[in-house]
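One structure below.
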Amino acid sequence: MCAVRDLTKTYPAVRGRRGTPGTPEVRATDGVRIDIRRGEIFGLLGPNGAGKTTLVRQLTGLMRPDRGSVEILGHDIVRHPERAARILAYLGQESTALDELTVSLAVETTGRLRGLDVRSARAERDAVLEELGLSALASRPLKKLSGGQRRLACFATALVGARPFLVLDEPTTGMDPVARRAVWGAVDRRRAEHATTVLLVTHNVIEAETVLDRVAVLDRGRVIACDTPSGLKEQVAGEVRLELVWRERAPLDVPEVAALRDRAVESGRRWSLRLAPEEARAAVAAVTGGAAFAALDDFTLATPSLEDVYLALGGSAGSVRGLVKT
Amino acid sequence: MSVVPAEVLPGAARADGNRADHGPDTEDGGRAVAVLGPRARLWPALAAVYRAQLSRARVARIPLLFVATFQSVGIMVLMRGVVDGGGEARAVVAGSSVLVVAFVALNLLAQYFGQLRASGGLDHYATLPVPPAAVVLGAAAAYASFTVPGTFVTAVVGSVLFQLPLTHLWILVAVVPLAGAALAGLGAALGLLAPRPELATLLGQLGMSAALLLGVLPPGRLPTFVQYARDLMPSTYGVEAFARTFGPDPDWAAVLLDLGVCAGVGVASLAVATWAYRRAAVR
(Lines give C-alpha, C1' and ligand atoms only; values in the text may rest on other atoms or scores of the structure.)
Protein backbone atom coordinates (compact mmCIF):
# COMPACT_ATOMS: atom_id res chain seq x y z
CA MET A 1 0.00 0.00 0.00
CA CYS A 2 2.92 2.29 0.69
CA ALA A 3 6.26 1.17 -0.69
CA VAL A 4 9.43 3.17 -0.12
CA ARG A 5 12.58 2.13 -1.97
CA ASP A 6 16.13 3.39 -1.62
CA LEU A 7 14.97 6.80 -0.45
CA THR A 8 17.94 9.11 -0.02
CA LYS A 9 18.16 12.77 0.85
CA THR A 10 21.31 14.65 1.65
CA TYR A 11 21.32 18.13 3.14
CA PRO A 12 24.21 20.06 1.67
CA ALA A 13 27.00 21.30 3.89
CA VAL A 14 26.52 24.81 5.20
CA ARG A 15 29.57 27.01 5.15
CA GLY A 16 30.24 28.70 8.45
CA ARG A 17 29.86 32.44 8.61
CA ARG A 18 31.92 34.68 10.80
CA GLY A 19 31.62 33.49 14.36
CA THR A 20 29.50 30.44 13.59
CA PRO A 21 30.90 27.09 12.55
CA GLY A 22 29.49 25.47 9.41
CA THR A 23 27.69 22.15 9.43
CA PRO A 24 28.94 19.25 7.35
CA GLU A 25 26.84 17.49 4.74
CA VAL A 26 24.15 15.37 6.41
CA ARG A 27 22.55 12.32 4.88
CA ALA A 28 19.11 12.60 6.48
CA THR A 29 17.66 9.50 4.88
CA ASP A 30 20.00 6.90 3.50
CA GLY A 31 18.62 4.19 1.26
CA VAL A 32 15.41 3.81 3.27
CA ARG A 33 13.22 0.86 2.33
CA ILE A 34 9.84 0.39 3.97
CA ASP A 35 6.63 -1.45 3.13
CA ILE A 36 3.47 -0.40 4.89
CA ARG A 37 0.48 -2.71 4.58
CA ARG A 38 -3.06 -1.60 4.21
CA GLY A 39 -4.88 -1.08 7.49
CA GLU A 40 -1.89 -1.29 9.77
CA ILE A 41 -0.48 1.21 12.21
CA PHE A 42 3.14 1.49 11.23
CA GLY A 43 5.55 3.30 13.51
CA LEU A 44 8.74 5.22 12.90
CA LEU A 45 10.83 5.21 16.03
CA GLY A 46 14.18 6.80 16.50
CA PRO A 47 16.15 9.38 18.43
CA ASN A 48 16.12 13.06 17.55
CA GLY A 49 17.85 13.69 14.25
CA ALA A 50 17.43 10.11 13.08
CA GLY A 51 15.67 11.27 9.92
CA LYS A 52 12.07 10.50 10.84
CA THR A 53 10.69 13.90 9.92
CA THR A 54 12.75 14.07 6.72
CA LEU A 55 11.37 10.67 5.71
CA VAL A 56 7.80 11.74 6.44
CA ARG A 57 8.25 14.97 4.49
CA GLN A 58 9.34 12.94 1.49
CA LEU A 59 6.35 10.63 1.82
CA THR A 60 3.93 13.54 1.99
CA GLY A 61 5.34 15.28 -1.07
CA LEU A 62 6.74 18.16 1.00
CA MET A 63 10.31 17.34 0.06
CA ARG A 64 11.86 15.89 -3.02
CA PRO A 65 14.27 13.02 -2.40
CA ASP A 66 17.65 12.98 -4.14
CA ARG A 67 16.86 9.49 -5.34
CA GLY A 68 14.58 6.58 -4.61
CA SER A 69 10.88 6.00 -5.01
CA VAL A 70 7.74 6.39 -2.94
CA GLU A 71 4.60 4.65 -4.06
CA ILE A 72 1.38 5.12 -2.12
CA LEU A 73 -1.73 3.19 -3.20
CA GLY A 74 -0.32 2.85 -6.69
CA HIS A 75 0.69 6.48 -7.11
CA ASP A 76 4.27 7.61 -7.66
CA ILE A 77 4.70 10.40 -5.11
CA VAL A 78 8.20 11.39 -6.19
CA ARG A 79 7.04 12.06 -9.73
CA HIS A 80 3.66 13.52 -8.71
CA PRO A 81 4.10 15.06 -5.25
CA GLU A 82 0.83 16.96 -5.61
CA ARG A 83 -1.09 13.67 -5.51
CA ALA A 84 0.01 13.02 -1.92
CA ALA A 85 -2.48 15.61 -0.66
CA ARG A 86 -5.32 13.70 -2.31
CA ILE A 87 -4.35 10.35 -0.79
CA LEU A 88 -3.18 11.17 2.70
CA ALA A 89 -3.84 13.51 5.58
CA TYR A 90 -0.78 14.84 7.37
CA LEU A 91 -0.58 16.02 10.95
CA GLY A 92 2.67 17.92 11.33
CA GLN A 93 4.22 19.13 14.52
CA GLU A 94 3.38 22.78 13.93
CA SER A 95 -0.03 24.39 14.22
CA THR A 96 0.94 27.96 13.30
CA ALA A 97 -1.31 28.00 10.26
CA LEU A 98 -4.33 27.37 12.49
CA ASP A 99 -3.38 29.01 15.78
CA GLU A 100 -5.54 32.09 15.48
CA LEU A 101 -8.64 30.24 14.26
CA THR A 102 -11.31 28.76 16.45
CA VAL A 103 -11.33 24.96 16.69
CA SER A 104 -14.54 24.85 14.72
CA LEU A 105 -13.30 27.09 11.91
CA ALA A 106 -9.93 25.35 11.73
CA VAL A 107 -11.61 21.99 11.18
CA GLU A 108 -14.21 23.32 8.78
CA THR A 109 -11.65 25.26 6.71
CA THR A 110 -9.35 22.24 6.50
CA GLY A 111 -12.31 20.13 5.35
CA ARG A 112 -13.15 22.62 2.65
CA LEU A 113 -9.54 22.76 1.52
CA ARG A 114 -9.67 18.97 1.32
CA GLY A 115 -12.34 19.38 -1.32
CA LEU A 116 -15.55 19.10 0.70
CA ASP A 117 -18.44 21.41 -0.05
CA VAL A 118 -19.69 23.72 2.68
CA ARG A 119 -22.47 21.46 3.88
CA SER A 120 -20.43 18.27 4.16
CA ALA A 121 -17.50 20.17 5.66
CA ARG A 122 -19.80 21.39 8.44
CA ALA A 123 -21.37 17.97 8.93
CA GLU A 124 -17.96 16.30 9.16
CA ARG A 125 -16.70 19.05 11.43
CA ASP A 126 -19.53 18.47 13.89
CA ALA A 127 -19.09 14.70 13.76
CA VAL A 128 -15.32 14.82 14.31
CA LEU A 129 -15.52 17.36 17.13
CA GLU A 130 -18.17 15.25 18.81
CA GLU A 131 -16.14 12.07 18.35
CA LEU A 132 -13.03 13.60 19.91
CA GLY A 133 -14.93 15.32 22.70
CA LEU A 134 -13.99 18.77 21.43
CA SER A 135 -17.50 20.19 21.03
CA ALA A 136 -17.24 22.24 24.21
CA LEU A 137 -14.07 23.91 22.92
CA ALA A 138 -15.36 24.50 19.40
CA SER A 139 -15.58 28.27 19.68
CA ARG A 140 -12.21 28.78 21.38
CA PRO A 141 -9.18 29.86 19.33
CA LEU A 142 -6.47 27.20 19.17
CA LYS A 143 -3.97 29.63 20.64
CA LYS A 144 -5.95 29.78 23.88
CA LEU A 145 -6.01 26.02 24.40
CA SER A 146 -3.55 23.95 26.39
CA GLY A 147 -0.89 22.06 24.45
CA GLY A 148 -2.73 18.75 24.54
CA GLN A 149 -6.07 20.25 23.59
CA ARG A 150 -4.47 22.14 20.71
CA ARG A 151 -2.87 18.93 19.53
CA LEU A 152 -6.23 17.18 19.66
CA ALA A 153 -7.80 19.99 17.62
CA CYS A 154 -5.04 19.62 15.03
CA PHE A 155 -5.68 15.89 14.99
CA ALA A 156 -9.34 16.70 14.28
CA THR A 157 -8.24 18.65 11.19
CA ALA A 158 -6.39 15.56 9.99
CA LEU A 159 -9.55 13.45 10.23
CA VAL A 160 -11.97 15.73 8.44
CA GLY A 161 -12.38 14.88 4.74
CA ALA A 162 -11.44 11.22 5.22
CA ARG A 163 -8.28 9.92 3.61
CA PRO A 164 -7.18 6.27 3.37
CA PHE A 165 -3.73 7.07 4.76
CA LEU A 166 -3.00 9.13 7.88
CA VAL A 167 0.53 10.38 8.51
CA LEU A 168 0.76 11.53 12.11
CA ASP A 169 3.90 13.16 13.46
CA GLU A 170 3.81 12.71 17.23
CA PRO A 171 0.05 13.16 17.47
CA THR A 172 -0.33 12.70 21.23
CA THR A 173 2.41 15.04 22.48
CA GLY A 174 1.23 16.78 25.62
CA MET A 175 -2.12 14.98 25.75
CA ASP A 176 -3.75 13.68 28.89
CA PRO A 177 -4.92 10.03 28.97
CA VAL A 178 -8.49 10.96 27.99
CA ALA A 179 -7.32 12.75 24.87
CA ARG A 180 -4.98 9.89 23.99
CA ARG A 181 -7.82 7.42 24.21
CA ALA A 182 -9.91 9.67 21.99
CA VAL A 183 -7.12 9.68 19.40
CA TRP A 184 -6.56 5.92 19.35
CA GLY A 185 -10.29 5.26 19.50
CA ALA A 186 -10.82 7.43 16.43
CA VAL A 187 -7.94 5.72 14.63
CA ASP A 188 -9.29 2.26 15.43
CA ARG A 189 -12.78 3.14 14.20
CA ARG A 190 -11.34 4.29 10.90
CA ARG A 191 -9.29 1.13 10.62
CA ALA A 192 -12.25 -1.09 11.30
CA GLU A 193 -14.62 0.76 8.98
CA HIS A 194 -12.39 1.95 6.14
CA ALA A 195 -9.14 -0.02 6.60
CA THR A 196 -7.36 3.29 7.07
CA THR A 197 -3.58 2.97 7.22
CA VAL A 198 -1.60 4.99 9.75
CA LEU A 199 2.04 6.01 9.72
CA LEU A 200 2.99 7.19 13.16
CA VAL A 201 6.15 9.08 14.05
CA THR A 202 6.84 8.80 17.72
CA HIS A 203 9.26 9.16 20.56
CA ASN A 204 6.88 7.64 23.01
CA VAL A 205 8.03 4.06 23.29
CA ILE A 206 5.32 2.95 25.68
CA GLU A 207 2.65 4.22 23.35
CA ALA A 208 4.42 2.61 20.41
CA GLU A 209 4.35 -0.71 22.20
CA THR A 210 0.60 -0.58 22.72
CA VAL A 211 -0.68 0.81 19.44
CA LEU A 212 1.72 -0.21 16.69
CA ASP A 213 1.37 -3.25 14.46
CA ARG A 214 4.89 -2.87 13.13
CA VAL A 215 7.69 -0.48 13.75
CA ALA A 216 10.79 0.65 11.89
CA VAL A 217 13.66 1.93 13.98
CA LEU A 218 15.60 4.71 12.31
CA ASP A 219 19.10 5.77 13.16
CA ARG A 220 21.18 8.27 11.20
CA GLY A 221 18.87 8.04 8.24
CA ARG A 222 18.88 4.24 8.00
CA VAL A 223 16.27 1.68 8.93
CA ILE A 224 18.19 -0.46 11.39
CA ALA A 225 15.30 -2.75 12.33
CA CYS A 226 11.73 -3.33 11.19
CA ASP A 227 9.40 -5.78 12.88
CA THR A 228 6.44 -6.08 15.20
CA PRO A 229 7.09 -4.66 18.68
CA SER A 230 7.19 -8.19 20.12
CA GLY A 231 9.47 -9.34 17.29
CA LEU A 232 11.87 -6.55 18.13
CA LYS A 233 11.73 -7.41 21.79
CA GLU A 234 12.73 -10.96 20.98
CA GLN A 235 15.99 -9.59 19.71
CA VAL A 236 16.88 -8.55 23.22
CA ALA A 237 15.17 -11.50 24.91
CA GLY A 238 17.26 -13.50 27.28
CA GLU A 239 18.49 -10.41 29.04
CA VAL A 240 16.91 -8.47 31.83
CA ARG A 241 17.30 -4.90 32.90
CA LEU A 242 18.50 -4.14 36.40
CA GLU A 243 18.16 -0.63 37.74
CA LEU A 244 20.02 0.30 40.90
CA VAL A 245 19.55 3.56 42.76
CA TRP A 246 22.15 4.39 45.39
CA ARG A 247 21.47 6.55 48.42
CA GLU A 248 24.45 8.82 47.88
CA ARG A 249 27.07 7.11 45.85
CA ALA A 250 27.89 3.59 44.80
CA PRO A 251 29.87 1.60 47.37
CA LEU A 252 32.81 0.92 45.09
CA ASP A 253 34.77 -0.61 47.96
CA VAL A 254 32.52 -3.67 47.63
CA PRO A 255 34.23 -5.82 44.96
CA GLU A 256 30.96 -7.11 43.42
CA VAL A 257 29.70 -3.57 42.95
CA ALA A 258 33.02 -2.42 41.51
CA ALA A 259 32.81 -5.30 39.03
CA LEU A 260 29.32 -4.24 37.94
CA ARG A 261 30.38 -0.67 37.29
CA ASP A 262 32.00 -1.44 33.95
CA ARG A 263 28.71 -2.75 32.61
CA ALA A 264 26.48 -0.04 34.03
CA VAL A 265 25.18 3.05 32.35
CA GLU A 266 25.42 5.67 35.07
CA SER A 267 23.21 8.71 35.42
CA GLY A 268 23.70 10.33 38.77
CA ARG A 269 22.78 7.93 41.53
CA ARG A 270 21.17 5.58 39.05
CA TRP A 271 22.83 2.63 37.36
CA SER A 272 21.23 0.80 34.50
CA LEU A 273 22.49 -2.68 33.63
CA ARG A 274 21.57 -5.29 31.07
CA LEU A 275 22.42 -8.74 32.26
CA ALA A 276 21.72 -12.38 31.64
CA PRO A 277 19.14 -13.68 34.16
CA GLU A 278 21.64 -15.62 36.31
CA GLU A 279 24.06 -12.70 36.35
CA ALA A 280 21.21 -10.44 37.43
CA ARG A 281 20.31 -12.82 40.19
CA ALA A 282 23.88 -12.81 41.47
CA ALA A 283 24.04 -9.04 41.22
CA VAL A 284 20.79 -8.61 43.14
CA ALA A 285 22.10 -10.99 45.82
CA ALA A 286 25.30 -9.00 46.03
CA VAL A 287 23.67 -5.59 46.43
CA THR A 288 20.86 -6.66 48.73
CA GLY A 289 23.15 -8.48 51.14
CA GLY A 290 26.16 -7.29 53.05
CA ALA A 291 27.82 -3.90 52.93
CA ALA A 292 26.30 -2.75 49.64
CA PHE A 293 22.75 -2.90 50.98
CA ALA A 294 23.30 0.04 53.29
CA ALA A 295 24.12 2.23 50.30
CA LEU A 296 21.21 0.99 48.18
CA ASP A 297 18.12 3.16 47.92
CA ASP A 298 16.03 1.16 45.43
CA PHE A 299 16.33 -1.45 42.73
CA THR A 300 14.10 -2.82 39.96
CA LEU A 301 14.41 -5.87 37.81
CA ALA A 302 12.47 -5.89 34.55
CA THR A 303 12.15 -7.86 31.35
CA PRO A 304 13.15 -5.86 28.29
CA SER A 305 10.66 -3.37 26.90
CA LEU A 306 10.55 -1.74 23.53
CA GLU A 307 12.44 1.04 25.22
CA ASP A 308 15.43 -1.24 25.61
CA VAL A 309 15.22 -2.11 21.95
CA TYR A 310 14.95 1.55 21.09
CA LEU A 311 17.96 2.41 23.18
CA ALA A 312 19.87 -0.63 22.02
CA LEU A 313 19.24 -0.08 18.34
CA GLY A 314 18.79 3.64 18.05
CA GLY A 315 20.91 4.77 20.89
CA SER A 316 24.21 3.92 19.27
CA ALA A 317 24.98 7.60 19.12
CA GLY A 318 24.47 7.98 22.84
CA SER A 319 26.19 6.48 25.81
CA VAL A 320 23.95 3.46 26.12
CA ARG A 321 25.55 0.26 24.99
CA GLY A 322 23.84 -2.02 22.52
CA LEU A 323 21.84 -4.97 23.74
CA VAL A 324 21.32 -6.87 20.56
CA LYS A 325 23.12 -10.17 20.32
CA THR A 326 24.98 -10.45 17.10
CA MET B 1 -5.18 0.12 23.05
CA SER B 2 -5.45 -0.84 19.43
CA VAL B 3 -8.12 -3.49 19.21
CA VAL B 4 -8.14 -4.32 15.53
CA PRO B 5 -5.25 -6.43 14.26
CA ALA B 6 -4.22 -5.60 10.72
CA GLU B 7 -4.85 -9.13 9.44
CA VAL B 8 -8.59 -9.11 9.97
CA LEU B 9 -9.21 -5.88 8.15
CA PRO B 10 -10.89 -5.85 4.78
CA GLY B 11 -8.29 -5.63 2.07
CA ALA B 12 -5.36 -6.11 4.40
CA ALA B 13 -3.04 -7.90 2.05
CA ARG B 14 -0.62 -10.23 3.77
CA ALA B 15 0.89 -10.96 0.40
CA ASP B 16 2.32 -7.45 0.49
CA GLY B 17 5.09 -8.69 2.66
CA ASN B 18 6.25 -11.15 0.03
CA ARG B 19 5.87 -8.81 -2.81
CA ALA B 20 8.03 -6.33 -0.99
CA ASP B 21 11.09 -8.22 -2.13
CA HIS B 22 10.50 -7.72 -5.82
CA GLY B 23 11.38 -4.07 -5.74
CA PRO B 24 9.51 -1.10 -7.07
CA ASP B 25 9.61 -2.01 -10.73
CA THR B 26 7.28 -4.99 -10.57
CA GLU B 27 4.14 -3.29 -11.69
CA ASP B 28 1.88 -6.32 -11.67
CA GLY B 29 -1.11 -5.22 -13.64
CA GLY B 30 -3.56 -6.32 -10.98
CA ARG B 31 -2.42 -3.84 -8.40
CA ALA B 32 -5.19 -1.45 -7.57
CA VAL B 33 -4.47 2.21 -8.02
CA ALA B 34 -6.47 4.13 -5.48
CA VAL B 35 -8.89 6.75 -6.63
CA LEU B 36 -7.56 10.12 -5.65
CA GLY B 37 -9.51 12.18 -3.18
CA PRO B 38 -11.24 15.30 -4.44
CA ARG B 39 -9.24 18.40 -5.19
CA ALA B 40 -10.35 21.72 -3.70
CA ARG B 41 -11.42 23.99 -6.53
CA LEU B 42 -10.01 27.50 -6.77
CA TRP B 43 -12.98 29.64 -5.78
CA PRO B 44 -14.38 27.59 -2.89
CA ALA B 45 -10.85 27.16 -1.52
CA LEU B 46 -10.20 30.87 -1.92
CA ALA B 47 -13.43 31.64 -0.09
CA ALA B 48 -12.51 29.26 2.74
CA VAL B 49 -9.02 30.76 3.15
CA TYR B 50 -10.47 34.27 2.94
CA ARG B 51 -13.00 33.55 5.66
CA ALA B 52 -10.43 31.92 7.92
CA GLN B 53 -8.00 34.80 7.47
CA LEU B 54 -10.70 37.38 8.05
CA SER B 55 -11.62 35.72 11.33
CA ARG B 56 -8.05 36.27 12.51
CA ALA B 57 -8.73 40.00 12.20
CA ARG B 58 -10.83 39.99 15.32
CA VAL B 59 -7.88 38.87 17.39
CA ALA B 60 -4.89 40.84 16.27
CA ARG B 61 -5.42 42.90 13.19
CA ILE B 62 -7.81 45.54 14.44
CA PRO B 63 -5.33 47.23 16.79
CA LEU B 64 -2.79 47.19 13.98
CA LEU B 65 -5.30 48.76 11.66
CA PHE B 66 -5.78 51.58 14.15
CA VAL B 67 -2.03 52.09 14.14
CA ALA B 68 -2.06 52.23 10.33
CA THR B 69 -4.88 54.75 10.26
CA PHE B 70 -3.46 57.01 12.97
CA GLN B 71 -0.10 56.90 11.25
CA SER B 72 -1.59 58.09 7.98
CA VAL B 73 -3.70 60.77 9.66
CA GLY B 74 -0.62 61.89 11.58
CA ILE B 75 1.38 62.22 8.40
CA MET B 76 -1.34 64.35 6.83
CA VAL B 77 -1.42 66.66 9.84
CA LEU B 78 2.34 67.04 9.59
CA MET B 79 2.23 67.71 5.86
CA ARG B 80 -0.39 70.42 6.33
CA GLY B 81 2.35 72.79 7.31
CA VAL B 82 4.43 71.89 4.24
CA VAL B 83 2.06 71.76 1.29
CA ASP B 84 -0.11 74.65 0.25
CA GLY B 85 -3.26 73.13 -1.16
CA GLY B 86 -3.87 72.30 -4.82
CA GLY B 87 -2.15 69.38 -6.50
CA GLU B 88 0.22 68.72 -3.62
CA ALA B 89 -2.62 68.40 -1.11
CA ARG B 90 -4.35 65.91 -3.37
CA ALA B 91 -1.17 63.84 -3.62
CA VAL B 92 -0.73 63.86 0.14
CA VAL B 93 -4.30 62.76 0.87
CA ALA B 94 -4.27 60.08 -1.83
CA GLY B 95 -0.83 58.86 -0.78
CA SER B 96 -1.77 58.67 2.91
CA SER B 97 -4.93 56.72 2.13
CA VAL B 98 -3.09 54.20 -0.01
CA LEU B 99 -0.40 54.03 2.68
CA VAL B 100 -2.92 52.25 4.92
CA VAL B 101 -3.20 49.61 2.20
CA ALA B 102 0.58 49.38 1.95
CA PHE B 103 0.98 49.00 5.70
CA VAL B 104 -1.44 46.11 6.01
CA ALA B 105 -1.20 44.40 2.64
CA LEU B 106 2.53 44.69 2.09
CA ASN B 107 4.11 44.94 5.51
CA LEU B 108 1.82 42.70 7.59
CA LEU B 109 1.33 40.11 4.87
CA ALA B 110 5.10 39.83 4.33
CA GLN B 111 5.48 39.26 8.06
CA TYR B 112 2.67 36.72 8.13
CA PHE B 113 3.99 34.61 5.29
CA GLY B 114 7.56 34.96 6.53
CA GLN B 115 6.59 33.57 9.91
CA LEU B 116 4.34 30.90 8.43
CA ARG B 117 7.14 29.67 6.24
CA ALA B 118 9.77 29.74 8.97
CA SER B 119 7.62 27.94 11.55
CA GLY B 120 6.58 25.16 9.19
CA GLY B 121 2.97 26.34 9.12
CA LEU B 122 2.98 26.23 5.33
CA ASP B 123 3.06 22.42 5.57
CA HIS B 124 -0.57 22.51 6.61
CA TYR B 125 -1.63 24.13 3.33
CA ALA B 126 0.95 22.25 1.27
CA THR B 127 -0.46 18.88 2.31
CA LEU B 128 -3.99 19.86 1.35
CA PRO B 129 -5.13 19.54 -2.27
CA VAL B 130 -5.60 23.26 -2.65
CA PRO B 131 -4.38 25.41 -5.56
CA PRO B 132 -1.49 27.64 -4.41
CA ALA B 133 -3.26 30.64 -5.92
CA ALA B 134 -6.19 30.08 -3.54
CA VAL B 135 -3.97 30.34 -0.45
CA VAL B 136 -2.11 33.41 -1.67
CA LEU B 137 -5.19 35.16 -3.08
CA GLY B 138 -7.34 34.30 -0.07
CA ALA B 139 -4.80 35.70 2.37
CA ALA B 140 -4.08 38.73 0.18
CA ALA B 141 -7.79 39.47 -0.25
CA ALA B 142 -8.38 39.21 3.49
CA TYR B 143 -5.51 41.55 4.28
CA ALA B 144 -6.69 43.98 1.60
CA SER B 145 -10.16 43.88 3.18
CA PHE B 146 -8.77 44.84 6.57
CA THR B 147 -7.59 48.05 5.00
CA VAL B 148 -10.97 49.23 3.69
CA PRO B 149 -12.22 51.03 6.84
CA GLY B 150 -8.84 52.61 7.55
CA THR B 151 -8.48 53.82 4.00
CA PHE B 152 -11.91 55.43 4.04
CA VAL B 153 -11.34 57.08 7.41
CA THR B 154 -7.99 58.43 6.24
CA ALA B 155 -9.46 59.70 2.97
CA VAL B 156 -12.37 61.48 4.69
CA VAL B 157 -10.17 63.02 7.39
CA GLY B 158 -7.66 64.11 4.74
CA SER B 159 -10.30 65.63 2.50
CA VAL B 160 -11.72 67.63 5.39
CA LEU B 161 -8.25 68.68 6.54
CA PHE B 162 -7.21 69.96 3.11
CA GLN B 163 -10.69 71.10 2.04
CA LEU B 164 -10.91 68.67 -0.85
CA PRO B 165 -14.25 67.50 -2.29
CA LEU B 166 -15.66 64.24 -0.98
CA THR B 167 -17.60 63.73 -4.23
CA HIS B 168 -15.48 61.03 -5.82
CA LEU B 169 -14.34 59.08 -2.78
CA TRP B 170 -16.22 56.11 -4.23
CA ILE B 171 -13.20 55.57 -6.46
CA LEU B 172 -11.62 53.93 -3.40
CA VAL B 173 -13.86 50.93 -4.11
CA ALA B 174 -11.66 50.34 -7.14
CA VAL B 175 -8.38 51.71 -5.75
CA VAL B 176 -8.28 49.59 -2.58
CA PRO B 177 -8.69 46.17 -4.21
CA LEU B 178 -6.40 46.97 -7.14
CA ALA B 179 -3.63 48.62 -5.12
CA GLY B 180 -4.30 46.00 -2.45
CA ALA B 181 -3.78 43.16 -4.91
CA ALA B 182 -0.56 44.65 -6.20
CA LEU B 183 0.86 45.35 -2.74
CA ALA B 184 -0.42 42.15 -1.14
CA GLY B 185 1.10 40.09 -3.93
CA LEU B 186 4.39 41.90 -3.42
CA GLY B 187 4.16 41.42 0.34
CA ALA B 188 3.34 37.71 0.06
CA ALA B 189 6.18 37.17 -2.41
CA LEU B 190 8.66 38.97 -0.14
CA GLY B 191 7.51 36.94 2.86
CA LEU B 192 7.70 33.64 1.02
CA LEU B 193 11.04 34.28 -0.66
CA ALA B 194 12.90 35.69 2.34
CA PRO B 195 15.21 33.01 3.71
CA ARG B 196 14.55 34.06 7.29
CA PRO B 197 11.50 35.59 9.00
CA GLU B 198 13.52 38.57 10.25
CA LEU B 199 14.40 39.35 6.65
CA ALA B 200 10.74 39.05 5.65
CA THR B 201 9.83 41.58 8.33
CA LEU B 202 12.65 43.85 7.20
CA LEU B 203 11.60 43.65 3.55
CA GLY B 204 8.01 44.38 4.52
CA GLN B 205 9.12 47.45 6.46
CA LEU B 206 11.30 48.58 3.57
CA GLY B 207 8.42 48.22 1.14
CA MET B 208 6.28 50.18 3.54
CA SER B 209 8.90 52.93 3.81
CA ALA B 210 9.12 53.06 0.04
CA ALA B 211 5.34 53.42 -0.18
CA LEU B 212 5.53 56.21 2.39
CA LEU B 213 8.36 58.10 0.75
CA LEU B 214 7.27 57.61 -2.83
CA GLY B 215 3.54 57.75 -2.32
CA VAL B 216 2.92 60.51 0.20
CA LEU B 217 5.54 63.10 -0.63
CA PRO B 218 4.42 65.25 -3.55
CA PRO B 219 6.37 64.03 -6.59
CA GLY B 220 7.35 67.50 -7.71
CA ARG B 221 9.70 67.89 -4.76
CA LEU B 222 11.53 64.61 -5.28
CA PRO B 223 14.86 64.24 -7.12
CA THR B 224 14.63 62.79 -10.62
CA PHE B 225 15.96 59.30 -9.84
CA VAL B 226 13.51 58.98 -6.95
CA GLN B 227 10.75 59.88 -9.37
CA TYR B 228 11.79 56.93 -11.53
CA ALA B 229 11.68 54.68 -8.48
CA ARG B 230 8.23 56.09 -7.81
CA ASP B 231 7.11 54.87 -11.23
CA LEU B 232 8.21 51.36 -10.30
CA MET B 233 6.18 51.22 -7.10
CA PRO B 234 2.86 49.45 -7.80
CA SER B 235 0.93 51.60 -5.33
CA THR B 236 1.90 54.78 -7.19
CA TYR B 237 -0.72 54.20 -9.86
CA GLY B 238 -3.42 53.77 -7.26
CA VAL B 239 -2.31 57.01 -5.62
CA GLU B 240 -2.32 58.85 -8.95
CA ALA B 241 -5.74 57.55 -9.91
CA PHE B 242 -7.16 58.59 -6.57
CA ALA B 243 -5.45 62.00 -6.60
CA ARG B 244 -6.87 62.82 -10.05
CA THR B 245 -10.44 62.40 -8.79
CA PHE B 246 -10.08 65.32 -6.38
CA GLY B 247 -9.85 67.74 -9.31
CA PRO B 248 -12.82 69.86 -10.37
CA ASP B 249 -13.12 67.95 -13.67
CA PRO B 250 -11.30 64.61 -13.34
CA ASP B 251 -9.71 63.10 -16.44
CA TRP B 252 -11.46 59.74 -16.24
CA ALA B 253 -9.49 58.21 -19.09
CA ALA B 254 -6.25 58.84 -17.17
CA VAL B 255 -7.85 57.45 -13.98
CA LEU B 256 -8.84 54.31 -15.84
CA LEU B 257 -5.37 53.98 -17.35
CA ASP B 258 -3.77 54.27 -13.89
CA LEU B 259 -6.15 51.69 -12.48
CA GLY B 260 -5.42 49.45 -15.45
CA VAL B 261 -1.69 49.61 -14.72
CA CYS B 262 -2.46 48.87 -11.08
CA ALA B 263 -4.50 45.83 -12.07
CA GLY B 264 -1.77 44.60 -14.39
CA VAL B 265 0.87 44.93 -11.68
CA GLY B 266 -1.54 43.22 -9.30
CA VAL B 267 -1.93 40.20 -11.57
CA ALA B 268 1.82 40.02 -12.07
CA SER B 269 2.70 40.32 -8.39
CA LEU B 270 0.09 37.74 -7.38
CA ALA B 271 1.49 35.39 -10.01
CA VAL B 272 4.97 35.88 -8.54
CA ALA B 273 3.57 35.27 -5.05
CA THR B 274 1.92 32.04 -6.22
CA TRP B 275 5.20 30.88 -7.71
CA ALA B 276 6.97 31.82 -4.47
CA TYR B 277 4.42 29.80 -2.50
CA ARG B 278 5.04 26.71 -4.59
CA ARG B 279 8.74 27.15 -4.15
CA ALA B 280 8.45 27.61 -0.39
CA ALA B 281 6.02 24.73 0.11
CA VAL B 282 8.10 22.00 -1.53
CA ARG B 283 11.70 22.22 -0.51
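Note that the structure is a prediction, hence the values are computed from the model and not measured. The chains referred to below are lettered A, B, ... by the order of the sequence lines, with proteins before strands, and numbering in each begins at 1.
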Checking [X] against chain B: side chain, backbone, both or neither under 4.5 Å from a heavy atom?
X: A:R114; value: both
X: A:Q93; value: neither
X: A:L98; value: side chain
X: A:T157; value: side chain

If you measure from the Lys or Arg side-chain nitrogens to the Asp or Glu carboxylate oxygens, is any gap between B:R51 and A:E108 under 4.0 Å?
yes
Atom pair [atom1]/[atom2] of [X] and [Y] - distance to nearest 0.5 Å:
X: B:L122; Y: A:E94; atom1: CG; atom2: CD; answer: 11.5 Å
X: A:R112; Y: B:L128; atom1: CZ; atom2: CG; answer: 13.0 Å
X: B:Y50; Y: A:T109; atom1: OH; atom2: OG1; answer: 14.0 Å
X: A:L113; Y: B:H124; atom1: CG; atom2: NE2; answer: 6.5 Å
X: A:R86; Y: B:T127; atom1: CZ; atom2: OG1; answer: 14.5 Å

I'd like to check B:L36 versus A:R83 (side-chain heavy atoms, cut-off strictly below 4.5 Å). Are they in contact?
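Answer yes - side chains close enough.
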Quick one, B:S55 and A:L101 - any side-chain contact, counting heavy atoms below 4.5 Å?
yes
So which of A:E82, A:R163, A:R214 has the largest heavy-atom pair count under 4.5 angstrom toward chain B?
A:R163
